[in-house]
Amino acid sequence: MTVLLIGGTGILGTAMRATSPQGVTVTAPGHAGLDVTDASAVEAAVAASRPTWILNAAAYTAVDAAESHEADAMRLNADAPAHIGAAARRHGARVLHVSTDYVFGGVGTRPWREDDPVAPLSVYGRTKLEGERRLQASGAEAVIVRTAWLYGETGKSFPRTMWERATQGLASRVVADQHGAPTNARDLAQWCWALVARDARGVVHASNAGQCTWADVAERVYAAAGKPGLVTRVTSEEYLVPAPRPRYSVLDGTRLESLLGAPRRAWEPALDEFLADLKRRSAA
Ligand SMILES: NC(=O)C1=CN([C@@H]2O[C@H](COP(=O)(O)OP(=O)(O)OC[C@H]3O[C@@H](n4cnc5c(N)ncnc54)[C@H](OP(=O)(O)O)[C@@H]3O)[C@@H](O)[C@H]2O)C=CC1
Ligand SMILES: Cc1cn([C@H]2C[C@H](O)[C@@H](COP(=O)(O)OP(=O)(O)O[C@H]3O[C@@H](C)C(=O)[C@@H](O)[C@H]3O)O2)c(=O)[nH]c1=O
């Protein structure tokens, strides 16, 4: 099987490359090799490589910056999935596209299911939702994987930011009224490969299991760094940022678990594994 991986240098893309199964040939042209916002470049890349699957892990992920760069976010998060869908449809490729828990508005009391009503609060969330819709409207055979609070070996993520602050002995004020579940990119990558192997379609929610707040994540990171007590729990009103985040964006993993035929790891051991890895690397 051949796979065209777009966004192969990002948090998820790096994990996808690291976990690609035997028998899968992955082509990852990188941003310089393929600008996914360029419809004719996408068409040419798909025509040239004729992949069985196109995996789209490219996105505009700077949530606060998106508020003042809506056109850029729209090009990458909404136009690009439409280009991918059109090329996939023309060449008979299937698409695995990645989306976000930020398509939900946050007034919720139980984990969000795939068909629950969406209500994005931010430009990032709105453009990602538009991307889902444009891909679906393209008529391509596609699976849309909504994940949440992602972190991994590369790139900027909340756990990494907290780790850097903790190891420098810096205190952090962190919101304790936004609920979600962090996701280890290696777990997500393996689920994505499993969804490809199972030829999945539709929308699938995919985060590590359980739920917590950003403050809970920060406290766990600080404890692992040997610097407990430096996190102050605050409200969203006390931590002002340009983009509103959902108060509740826990994703229901029932569909994923039934497709995988196995339970997901809870967020705590998944985060601990990542932190142990960071610790080993900083000691080396
Ligand atoms: N990070 C998170 O917390 C979460 C992410 N998601 C979703 O998961 C997916 C993966 O996110 P993540 O791994 O964090 O993304 P990153 O921000 O880490 O990586 C984005 C990737 O997109 C590439 N890229 C950017 N612009 C273009 C372009 N014009 N053409 C081709 N490639 C481009 C980047 O390459 P380069 O750096 O060279 O420009 C990079 O490889 C996205 O769909 C995101 O919306 C969902 C929930 C949580
Ligand atoms: C760095 C920091 C953030 N925060 C808050 C701001 C925000 O509400 C929350 C998370 O902040 P960040 O900006 O690190 O993360 P954010 O950019 O909101 O992360 C999101 O990224 C996109 C791509 C997604 O799709 C989401 O699932 C989610 O992972 O924590 C603090 O309270 N204190 C801090 O020191």
Heavy-atom pair of closest approach, residues [X] and [Y]:
X      : Y      : result
Ser236 : Gln178 : OG-NE2, 3.0 Å
Pro182 : Asn208 : O-CB, 3.2 Å
Glu132 : Ile144 : O-CD1, 3.8 Å
Gly85  : Ser138 : CA-OG, 3.3 Å
Leu259 : Arg198 : O-NE, 2.6 Å

Check your understanding: Are the aromatic ring centres of Trp149 and Phe158 under 6.0 angstrom apart?
Key -> no
#### Entry: Test of ring centre spacing under 6.0 Å for Tyr124 and His69
no
Under a 4.0 Å N-O cut-off, is there an ion pair linking [X] with [Y]?
X      : Y      : value
Asp116 : Arg113 : no
Glu114 : Arg146 : no
Asp79  : Arg134 : yes
Arg247 : Asp177 : yes
Arg281 : Asp277 : yes
Arg220 : Asp272 : yes

Mark yes or no for whether [X], through its side chain, and [Y], through its backbone, hold a donor-acceptor pair below 3.5 Å.
X      : Y      : value
Arg173 : Tyr239 : no
Arg110 : Gly108 : no
Ser172 : Val231 : no
Asp252 : Trp112 : no
Thr147 : Ala206 : yes
Arg186 : Gly152 : no

For this session: Verify the distance criterion only: is there a donor paired with an acceptor across the side chains of Glu238 and Thr235 at less than 3.5 Å?
Result: yes
| Should the ring pair Tyr248 and His179 be called parallel, tilted or perpendicular, given that the plane angle runs from 0 to 90° and is split at 30 and 60? | tilted
Is [Y] close to [X] at the side-chain level, that is, under 4.5 Å between some pair of heavy atoms?
X      : Y      : result
Val3   : Pro51  : no
Val118 : Arg133 : yes
Val217 : Thr213 : no
His97  : Val143 : no

| task | Following the transitive rule for hydrophobic clusters with a side-chain heavy-atom cut-off under 4.5 Å over Ile, Leu, Val, Met, Phe, Trp and Tyr, establish whether Val145 and Ile54 coincide in one cluster. | result | no
- Item | Within one Ile-Leu-Val-Met-Phe-Trp-Tyr cluster: Ile6 and Val95, side-chain cutoff 4.5 Å | yes
So the side-chain hydrogen bond (donor to acceptor under 3.5 Å, both in side chains) pairs with at least one residue in residues 150-164 (sequence neighbours excluded) are Thr14-Thr154
The single option from Arg94, Arg201, Arg89 that satisfies side chain to side chain donor-acceptor pair (under 3.5 Å) with Glu141 is Arg201
Excluding Met74, membership of its hydrophobic cluster (Ile, Leu, Val, Met, Phe, Trp, Tyr; side-chain heavy atoms within less than 4.5 Å) reads none
Residues at least two apart in sequence or cross-chain that pass ring-ring contact (aromatic ring centres under 6.0 Å, His included) with Trp267, listed by chain then number, are none
Can you tell me how far the [atom1] atom of [X] sits from the [atom2] atom of [Y], to the nearest 0.5 Å?
X      : Y      : atom1 : atom2 : value
Asn184 : Gln190 : CG    : CD    : 9.0 Å
Thr37  : Asn77  : OG1   : CG    : 11.5 Å
Ser99  : Leu129 : OG    : CG    : 7.0 Å

So salt bridge (Lys or Arg N to Asp or Glu O under 4.0 Å) across residues 25-39, not counting sequence neighbours, yields none
Residues passing the side-chain contact (heavy atoms from CB on, under 4.5 Å) test with His91, sequence neighbours excluded, are Glu43, Val46, Ala47, Arg50
Residue pairs meeting ring-ring contact (aromatic ring centres under 6.0 Å, His included), one or both in residues 2-58, sequence neighbours left out, come to none
